[in-house]
Amino acid sequence: MISRKKFLKYTLLGGLTPFTKWTKRSFSQKKGTPVVISTWNHGIPANEAAWKVLAESGSALNAVEAGVRVVEADPEVRTVGYGGRPDRDGFVTLDACIMDQENRCGSVGALQHIKHPVSVARKVKEETPHVMLVGDGALDFAMEQGFEKENILTDKARKEWEKWKKNAEYEPEVNIENHDTIGMLALDKQGNLSGACTTSGTAWKMHGRVGDSPIIGAGLFVDNEVGAAAATGLGEEVIRTCGSHLVVENMRRGDDPKTACKKAVRRIVRQNDALNNIQVGFIAINKKGQFGGYSVQEGFNYAVFDKIGNRLLDSSYWTNSE
Ligand code: ASP
């Protein structure tokens with residue numbers, strides 16, 4: 001987790017332009033200039049790692065993997081990877097996926113004991129004829145590939161679970177913490193797009209529950225001809241609408257990234273009578289390097305690193321828009 005001091009440093013480095021200006025529209029980069037965008041506060045340190053790859057003319061694919069691994073390894077982020085909160089039975093089960101500029105993708109669901117599920121997802125993409133492996137099969141594959149089996153339930157996460165167990169009430173809460181799944185999208189100097197998404201999912205979920213994050217088209221979608229999108233928030237809502245695919249298809253029909261995200265949010269809004277317990281946020285980027293985000297509720301933010309620097313932007317949101 002980034003400290004307040006670091007947060008201020010990162011955001012000030014991000015440029016002198018006030019945040020309010022950044023939330024108003026989508027932005028365009030010159031061709032050949034890389035861009036990386038990722039969800040929530042933890043997107044800032046993740047973007048730093050991704051940018052190092054992009055600045056050295058590395059691929060968007062390598063950038064997004066390197067970026068999200070920073071958050072997976074951080075025990076203070078209790079919604080992703082090592083240190084993530086367990087399910088209701090006390091197991092940390094991780095979901096992740098990755099997708100490249102050639103529509104190749106790999107994914108793992110309900111994977112236990114592995115610190116970097118995104119890298120296992122990449123191996124699924126590159127070393128198997130499949131897209132998705134889940135549960136014990138995903139763990140067996142990870143170990144075959146040389147990943148270390150380790151305990152990823154930290155004391156802090158275990159104590160939170162023990163406290164939760166006293167009442168054992170499962171009620172998804174909106175924005176209980178301002179850092180959730182990390183979804184990351186990058187455009188490299190060669191003009192190629194890739195994306196990655198990784199999470200420990202909803203805290204105290206049923207054992208075996210898989211959210212949107214490892215599902216290609218829901219938590220992440222990349223089409224190198226058009227753009228890429230990723231989602232965070234209540235995964236069931238994202239799956240029902242095939243959210244990230246919808247965002248990319250909106251861009252294909254001509255929407256800028258922010259409008260494309262807003263229309264996907266509108267789909268979710270229309271399918272629900274009450275929004276009180278629903279938060280979903282989308283981020284998107286197109287081939288020109290324009291980017292944007294949109295969420296159901298206030299409180300969603302995302303980090304952008306481009307030639308201006310690395311900065312956090314507050315997303316526009318539905319509940320105050322109409
Ligand atoms: N989308 C994730 C899930 O439902 C959680 C999140 O982004 O907060 O598993």
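Since this is a predicted model, take the numbers as computed values, not measurements. Each ligand, and each atom within it, is numbered from 1 in the order the structure gives.
- Under the 6.0 Å distance and 45° angle rule, K165 counts as a cation-pi partner of W161.
- Considering Y294, W40, Y317 as possible partners of F300, the one that fulfils the ring-ring contact (aromatic ring centres under 6.0 Å, His included) test is W40.
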Quick one: ligand 1 N/O to protein N/O pairs below 3.5 Å?
residue  : atom  : partner : partner atom : Å
ligand 1 : 1 (N) : D212    : OD1          : 2.6
ligand 1 : 1 (N) : G233    : O            : 2.7
ligand 1 : 4 (O) : R209    : NH1          : 3.4
ligand 1 : 4 (O) : R209    : NH2          : 2.8
ligand 1 : 4 (O) : D212    : OD1          : 3.3
ligand 1 : 4 (O) : G233    : O            : 3.3
ligand 1 : 4 (O) : G235    : N            : 2.9
ligand 1 : 7 (O) : T181    : OG1          : 2.5
ligand 1 : 7 (O) : T232    : OG1          : 2.7
ligand 1 : 7 (O) : G233    : N            : 2.8
ligand 1 : 8 (O) : D180    : OD2          : 2.7
ligand 1 : 9 (O) : R209    : NH1          : 2.7

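- With a 6.0 Å cutoff to the six-membered ring centre and a 45° limit on the axis angle, K115 counts as a cation-pi contact of Y82.
- The backbone N or O of I44 lies less than 3.5 Å from a partner atom in the side chain of N310, making a donor-acceptor pair.
- Inter-residue side-chain proximity for D74 and H42 is flagged as unmet; no heavy-atom pair is nearer than 4.5 Å.
- Evaluated for a side-chain contact (heavy atoms from CB on, under 4.5 Å) with S107, the options P214, P117, C197 yield exactly one hit, P214.
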